[in-house]
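Written below as structure tokens is the structure these notes are about.
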Amino acid sequence: MKTTIKQLLQSTDYNRQAEAKGWVRNRRSSKNVNFITLNDGSTSLNIQIVANENINENILKEINAGACLHVKGTWQASQGAGQAGELVADEIIILGKASPENYPIQPKAHSFEFLRENAHLRSRTTTFGAVFRIRHNLAFAIHQYFHQKGFYYWHSPIITGSDAEGAGQMFHVSTLPHLNPPLTEDKKVDFSEDFFGMETSLTVSGQLEAELGAMGLGNVYTFGPTFRAENSNTSRHLAEFWMIEPEMAFYELVDNMDLVEDFLKYVIKYALDNCVEDLKILDQKFKEEEEKKKKEERAEMGLLEKLQFVVNNPFERLTYTEAVEILLNSPAHKKKKFQYPVSWGVDLQSEHERYLVEKHFKKPVILNNYPKTIKAFYMKQNEGEEVGKETVRAMDVLFPQIGEIVGGSQREEDYDKLLARIKEVGIDPNNLWWYLDTRKFGTAPHSGFGLGFERLVLFVTGMGNIRDVIPFPRTPKNASF
RNA sequence: GCUUUUUUAGCUCAGCUGGUUAGAGCACUUGACUGUUAAUCAGGGGGUCCUUGGUUCGAGCCCAAGAAAAAGCGCCA
């Protein structure tokens with residue numbers, strides 16, 4: 001097995017033979033000595049290779065940024081100041097050349113837009129190396145958290161025949177010919193001729209299937225790709241993203257809120273404990289980006305400070321009704337600063353959520369018990385409420401800068417109420433017979449939530465655009481790589 | 001999808017009121033330099049000014065249409 005640069009850098013066992021393989025970040029030369037900065041992705045830190053006269057000049061010429069090297073030499077304490085150890089090369093083998101005139105990644109700061117257009121190479125940069133290592137660690141922490149809690153990883157299908165949740169426009173999945181597909185008698189596409197014998201799409205949510213799992217296994221979670229064909233052009237939306245959806249039998253809304261808070265704190269703490277080097281790099285990058293902004297638009301905390309704060313402070317919990325009260329009494333409302341008017345019953349806009357999180361409470365907020373009319377059909381209806389003021393047991397977790405990071409609810413377990421609500425919103429109950437069956441046979445109170453994985457990564461890395469926290473982003477008009 | 005902004009060298013950008021041969025830093029290249037840290041110093045090469053059409057004696061600059069990108073909004077995770 002190969003030794004990584006991370007392992008070598010941790011070693012103080014000097015004056016021994018060692019090897020390193022990686023990609024050249026930079027080469028500096030003077031008359032008798034060359035210094036090569038090499039990185040293999042195992043850590044954000046680079047290793048310094050010292051190449052003396054014994055290395056052939058023709059080989060040195062091919063050691064340009066981007067080239068891949070295998071270096072054999074002596075690991076020794078560094079004579080220079082920037083690093084503890086350095087690898088003095090006896091032999092350098094060029095595994096892969098990189099033409100210096102064409103290789104796009106230079107040893108300098110590039111814009112995120114440029115690197116997005118070079119997404120196939122951006123994992124070789126310091127920032128993106130850090131982002132993707134943190135992304136991995138967060139994914140691992142999520143699995144570890146649920147595993148420790150006795151949850152089962154439940155694989156909900158990616159191709160689905162149900163268009164029930166109404167979470168967004170769906171991508172169709174079909175093997176029928178685009179031109180002249182088979183038609184039914186009333187001139188519609190005849191999906192009975194299609195691969196699955198029915199109209200199918202990519203999933204917009206694994207929740208309904210997760211509920212089925214929870215009704216047998218108790219506590220389950222999904223963690224998989226999710227697809228929404230919405231023409232959303234923002235720094236917080238992707239057409240293909242990864243979502244975590246735990247679903248728990250015998251959880252009431254308050255248990256759901258307890259879980260989501262504990263869960264978010266756990267995974268953020270995991271990153272703080274296990275991604276120190278990478279977070280320091282991003283903390284620095286965050287500082288630089290903030291300095292470009294106007295003073296009034298700058299964040300109050302640095303990245304590391306913000307993550308510590310979230311881990312160490314309780315989230316604010318309040319009902320939708322209380323939130324509306326706060327908004328109505330806010331100076332922003334009185335001075336008519338809100339673009340969208342607030343009143344009980346309207347869906348809160350980004351500006352309202354931001355006001356609550358960033359101005360009023362200055363901490364993560366869990367909003368709960370929303371009006372029934374603005375939430376999905378499967379949410380549990382509260383009882384004994386005034387007509388026109390009915391609420392459901394929904395909860396959204398709002399984070400500073402990100403907005404809604406989690407949406408969840410206690411589910412309606414009453415068969416009659418659920419069926420009535422399904423009909424009310426215009427869904428054909430026949431399409432959801434399997435979902436309704438869980439309420440028919442041994443129904444149980446249960447709850448769950450959905451976490452947008454990239455929004456979590458966005459928050460933890462402090463990056464500004466969700467397209468920069470997934471290796472190959474899919475957005476409207478972009479499916480390259 | 002809507003609003004605003006942007007598009008000039010490989011990258012990041014400047015380009016005045018429309019006026020001769022479009023500039024800078026970095027990168028690249030050649031050379032110098034006894035240990036550098038995005039090394040430094042000196043020389044050199046490098047342009048479909050996003051596209052199409054228009055106005056004008058003359059357009060990187062003005063007008064129109066289109067494309068792409070970014071920020072904000074909507075939809076949401």
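A note on names: the letters A, B, ... follow the listed sequences, proteins ahead of strands, and every chain is numbered from 1. Please read all numbers here as calculations on a predicted model, not as lab measurements.
Set against rG10(B), rC73(B), rA70(B), the side chain of Arg116(A) has rA70(B) as its closest nucleotide. Looking at the side chain of Phe114(A), the nearest of the listed nucleotides rC11(B), rU29(B), rC73(B) is rC11(B). Closest contact between the side chain of Ser350(A) and the listed nucleotides rU29(B), rG74(B), rA77(B) involves rG74(B).
Looking at Arg25(A) and Thr126(A), their side chains do bring a donor and an acceptor atom within 3.5 Å of each other. Side-chain contact, Thr234(A) with His237(A): a donor N or O sits under 3.5 Å from an acceptor N or O.
Residue contacts for Pro100(A): at a heavy-atom cut-off of 4.0 Å it reaches the sugar-phosphate backbone alone, with no base atom in range. If you check every strand for non-hydrogen atoms under 4.0 Å, Tyr340(A) touches sugar and phosphate atoms only. Within 4.0 Å of Ala81(A), counting heavy atoms only, lies at least one base atom of the nucleic acid.
For RNA chain B, the neighbouring residues in residues 458-481 of chain A, judged by any heavy atom under 4.0 Å, are Asn465(A), Arg467(A), Lys477(A). In the region residues 231-239 of chain A, proximity to RNA chain B at under 4.0 angstrom, judged on heavy atoms, holds for Asn231(A), Ser232(A), Asn233(A), Thr234(A), Ser235(A), Arg236(A), His237(A), Leu238(A).
Here the separation of rU56(B) from rG74(B), taken at their C1' atoms, is 43 Å to the nearest Å. rU12(B) and rU8(B) have their C1' atoms separated by 12 Å, with the value rounded to a whole Å. Nucleotides rA9(B) and rG60(B) are separated by 14 Å at their C1' atoms, to the nearest Å.
Note that Lys306(A) lies outside the cation-pi zone of Phe399(A), set by a 6.0 Å cut-off to the ring centre and a 45° limit from the axis.
Between His110(A) and Phe241(A), the residue whose closest nucleotide on RNA chain B is further toward the 5' end is His110(A).
The CG-P distance, from Leu348(A) to rG74(B), rounds to 11 Å in whole Å. Asn34(A) has its CG atom 14 Å from the P atom of rA32(B), to the nearest Å.
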Dump the pairs, protein N or O against N or O of nucleotides 23-25 of chain B, anything under 3.5 Å, distances to one decimal.
| from | atom 1 | to | atom 2 | distance (Å) |
| --- | --- | --- | --- | --- |
| rG25(B) | N2 | Lys108(A) | NZ | 3.4 |

Short N/O separations, protein against nucleotides 33-35 of chain B, under 3.5 angstrom:
| from | atom 1 | to | atom 2 | distance (Å) |
| --- | --- | --- | --- | --- |
| rG35(B) | OP1 | Ser30(A) | OG | 3.1 |
| rG35(B) | O6 | Gln79(A) | NE2 | 2.7 |
| rG35(B) | N1 | Glu86(A) | OE2 | 2.9 |
| rG35(B) | N2 | Gly80(A) | N | 3.4 |
| rG35(B) | N2 | Glu86(A) | OE1 | 2.5 |
| rG35(B) | N2 | Glu86(A) | OE2 | 3.0 |

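Although no hydrogens or angles enter the test, the distance criterion places no donor-acceptor pair under 3.5 Å between the side chain of Arg393(A) and the main chain of Gln410(A).
For Gln349(A) and rG74(B), a side-chain-to-base donor-acceptor distance below 3.5 Å is absent, hydrogens and geometry of angles not being considered.
With sequence neighbours left out, the side chain to side chain contact (heavy atoms under 4.5 Å, CB included) criterion links His110(A) to Ile105(A), Gln106(A), Lys108(A), Phe114(A), Leu115(A). Residues satisfying the side chain to side chain contact (heavy atoms under 4.5 Å, CB included) criterion with Trp23(A), sequence neighbours excluded, are Cys68(A), Arg124(A).
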